[in-house]
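In what follows, residues are counted from 1 in the order of the sequence shown. These figures come from a predicted structure and were not determined experimentally.
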Amino acid sequence: MKKLLLAGMIGTSLFAVSCSSVNNAATAQNQRSEFLKMKGDWQIVSVDYDKKFKIKPFDDGVDAQCFVGSHWRLIPNNWTGAYTLNGGGNCGAGFTQPIKFEVKSGNTFEFKKIAAGTKAKQNSMGYSLTMVNQSTDQFSLEQNVPFEGENVRVVYNFERTGMK
């Protein structure tokens, strides 16, 4: 009788654990499908922030408005991509920056720049932005940039330009 009771308790425990795994798998699959919506070519159509501040995002040395019109390619199956700034005017010369990125907890977009000749794991510094307003053909990334004891909210608005 004790063996039967023990077997029943073990069976119930395994059933509870397996149900929990199914729920976790469903959540992970849902996050993955949202993440895969980002696959493709994107363009920043606007950058919104309080214009009384000079914002130079991502340590690129150019004003945030220089990112308007920039092209971003995101490839989620290997978490790589790149962005290209067009340059011109006060934005200096254009350039392309390879990146490694991921989406955590469904709405945190993290990326780090990859320098030529280095691997992503050699670079521990990166940027964390919050994804807002995601749809099939547009999304926004919000960044809080600390400045003199305040946070300046910067929102990058993306629209799809190709490759779904």
* Asked: Ignoring hydrogens and geometry, is there a side-chain-to-backbone donor-acceptor pair from Thr108 to Ser105 under 3.5 Å?
  -> no

* Asked: Would one find more than 12 heavy atoms of other residues, nucleotides or ligands at under 6.0 Å from atom CG of Asn151?
  -> yes

* Asked: Do the rings of Trp79 and Phe101 sit parallel, tilted or perpendicular, given the 30° and 60° boundaries?
  -> tilted

* To do: Could you tell me the separation between the CD atom of Gln65 and the NZ atom of Lys56, rounded to the nearest 0.5 Å?
  => 13.5 Å

* Supply the atom-to-atom distance Asp50 CG to Glu150 CD, rounded to the nearest 0.5 angstrom. => 8.5 Å

* Flag, side chain of Asn107 to backbone of Val132, donor-acceptor distance under 3.5 Å -> no

* Asked: Rounded to the nearest 0.5 Å, what separation is found between the CG atom of Leu129 and the CG atom of Asn144?
  -> 9.0 Å

* Atom of Cys66, atom of Leu85 and distance for their closest heavy-atom approach -> O-CD2, 3.8 Å

* Asked: Within the distance-only criterion (no hydrogens, no angle test), does the side chain of Asp60 pair as donor or acceptor with the backbone N or O of Val62 below 3.5 angstrom?
  -> no

* Using a 4.5 Å cut-off on heavy atoms from C-beta on, say whether the side chain of Leu141 contacts that of Phe111. => no

* Is there a donor-acceptor pair under 3.5 Å between the side chain of Gln97 and the backbone N or O of Thr84? -> no

* Would you call Gln143 and Tyr156 a side-chain contact if the rule is heavy atoms closer than 4.5 Å? -> yes

* Do the non-hydrogen side-chain atoms of Trp42 and Leu74 ever get within less than 4.5 Å of each other? -> yes

* Describe, in one word, how the ring planes of Tyr83 and Phe67 are oriented to each other, choosing from parallel (under 30°), tilted (30 to 60°) and perpendicular (over 60°). => tilted

* Asked: Are Phe109 and Tyr127 near enough that their ring centres are under 6.0 Å apart?
  -> no

* **Donor-acceptor contact present, side-chain Lys39 to main-chain Asn77, <3.5 Å** => no

* Looking at Met131 and Val103, what are the two nearest heavy atoms and their distance? -> CE-CG2, 4.0 Å

* side-chain contact (heavy atoms from CB on, under 4.5 Å) between Met125 and Lys112: does it pass, once the steps are laid out? -> CA-CA 6 Å; Met125 295 193 53; Lys112 54 186 173 178; over 6 Å; no

* **Passing candidate, side chain to side chain contact (heavy atoms under 4.5 Å, CB included) with Thr80, options Ile114, Ile75, Ile99** => Ile75

* **Atom pair CG/SG of Asn86 and Cys91 - distance to nearest 0.5 Å** => 8.5 Å

* Has the side chain of Arg153 got a donor or acceptor atom that lies under 3.5 Å from a matching backbone atom of Val145? -> no

* Asked: Got Val47 and Val154 here, is their nearest side-chain heavy-atom distance under 4.5 Å?
  -> yes

* **Evaluation steps, side-chain contact (heavy atoms from CB on, under 4.5 Å), between Glu159 and Gln43** => CA-CA 5 Å; Glu159 284 187 3; Gln43 181 177 29; 5.7 Å; no

* Structure fact -> Quick note, salt bridge (charged side-chain N to carboxylate O under 4.0 Å, His left out) partners involving residues 67-78, not counting sequence neighbours, are Asp41-Arg73

* **Common cluster, Trp72/Ile55, ILVMFWY with side-chain heavy-atom separation under 4.5 Å** => yes

* Which atom names give the shortest non-hydrogen contact between Val68 and Ser46, and what distance separates them? -> CG2-CA, 4.0 Å

* Hey, does Val45 have a side-chain heavy atom less than 4.5 Å from the side chain of Phe158? -> no

* Could you check Asn157 against Asp48 for side chain to side chain donor-acceptor pair (under 3.5 Å), going step by step and ending with a plain yes or no? => CA-CA 8 Å; Asn157 299 301; Asp48 303 323; 2.9 Å; yes

* Run the side-chain contact (heavy atoms from CB on, under 4.5 Å) check on Lys100 and Lys113 step by step: do they pass? -> CA-CA 7 Å; Lys100 192 77 168 174; Lys113 298 177 184 182; over 6 Å; no

* Check whether any side-chain heavy atom of Arg160 sits under 4.5 Å from a side-chain heavy atom of Gln138, and report yes or no. => no

